[in-house]
Amino acid sequence: MALIVQKFGGTSVGDTDRIRAVANRVVEARKRGDDLVVVVSAMAGETDRLVALANATSPDPDPREFDVLLSTGEQQTIALLAIAIRALGVPARSFTGVQLGMRTDCSHGRARVLSIDASRIRRDLDRGAVVVAAGFQGTDSDGNITTLGRGGSDTSAVALAAALGADVCEIYTDVPGIFTADPNVVANARKLDHIAYDEMLEMASLGAKVLQLRSVSLGKQYGVRIHVRSTFEREEGTWVIPEEEVMERPVVSGVTYNRNEAKVTISGVRDTPGAAARIFRPLSEGGVVVDVIVQNVSEDGRTDVTFTVPRPDLGRALEIAEAVAAELGAPRVSSDESIAKVSVVGLGMREHAGVASRMFSALAEEGVNIQMISTSEIKVSVVIEERYTELACRALHDAFELGEERTASEEQGLPAK
Ligand code: ASP
Ligand code: MG
């Protein structure tokens, strides 16, 4: 008998028919003899609706009350799912974040999970009940309701799986798994059977939206096996697992893109010690998360500094950059919103050279100009003009032969015979 945490996203519980379909699936698993903790999101669109209600009431809603409101989306679906499971003759009980003992810090809207009191859940499991748990919400040390940030139910599920020592955390969603690229962009994208935590972390942070980033870091930290799969199909999805267990090590596992960044350039910055600190400190203090940074070789003691920021933060980033430029005597600040970041990710890069050059050649062949480059141990990213996003993804997917079934030798990263 296994202990399984299942998480169903907003589309999976989007209406009462779907909730009943989820209940059937849960009951099926329960009848196989497994203990089940089922985490649910709010119905698709519900959290957005609540956000809009708050914003229509005040331009600057109080964060504590905002969380009280947002948490109601999941409170609806836990009750409805428990009702549906019970209607099938199987005992089930719903629990809000507070009732679950999901303790978080007190940063409303982006709270971090600190601990979970698993005893309450265990008691119900021991009595044979299915535990239906609200995702996305917790409580701080003062008993205030907190939420974990958009997409936070993934993190709730993985945190529960870690606290309970579950055998697997199944994330049921509206896609069949993690793909080598976005199938809407690259027609021959393939579903991956396995992916290592670090690859998934890169893919999640680079724009693949299937899992909330923090759920993957938690999974890695506690060794939770995460199985991302479709609510609407039976086939296995993608297992997110420890690196040692990933047999296939293609040099590149996937191609991702992110169109949500903008580029800022400060021209003519005096090239002196401390200049970069004076630019990036106020940005970070202003809550702007800077991603790719490039500084040119200086000419006549002056240089250009270019960096990317999330597009919604561009206004704030420019205000700060202009103030800093004035202080530093830099004559010009410019920006560009029509950029995209395209990346290739793969564990095999650790052992294999030449990934970057293959990537750049593939882009050159398509006439795509590279504006910025950044690399990590298992990733190469380029910033390009936004209108070339699809073209670049397809070219890279082809160049690294991601659409084709791999032979065993290629999986080891060995040259094909
Ligand atoms: N309902 C929340 C959201 O829409 C949390 C989640 O679905 O994971 O972001
Ligand atoms: Mg989600």
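Order of listing sets the numbers, starting from 1, for every ligand and every atom in it. What you are looking at is a predicted structure, and each value in this text was computed from that prediction instead of being measured.
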Relative to the heavy atoms of R150, which atoms of ligand 1 are at a distance of less than 4.0 Å?
-> 3 (C), 4 (O), 9 (O)
Say whether K7, considering both its backbone and side-chain N or O atoms, lies within less than 3.5 Å of an N or O atom on ligand 1.
-> no
In terms of residue, atom name and distance, what is the protein heavy atom nearest to atom 7 (O) of ligand 1?
-> S41 OG, 3.0 Å
Within a radius of less than 6.0 Å around CZ of R110, do more than 12 heavy atoms belonging to other residues, nucleotides or ligands occur?
-> no
4.5 Å side-chain heavy-atom contact, T47 and F136 | yes
Without swapping roles, check the side chain of R93 against the backbone of V132 for a donor-acceptor pair under 3.5 Å.
-> no
Does G151 reach ligand 1 with a nitrogen or oxygen that is under 3.5 Å from one of the ligand's nitrogen or oxygen atoms?
-> yes
Should one rank G10, S153, S71 by closest heavy-atom distance to atom 8 (O) of ligand 1, which comes out on top?
-> S153
Are any non-hydrogen side-chain atoms of V224 and L218 less than 4.5 angstrom apart?
-> no
Any chance the side chains of E261 and T308 put a donor and an acceptor closer than 3.5 Å?
-> yes
For ligand 1, the portion of E74 having any non-hydrogen atom under 4.0 Å away | side chain
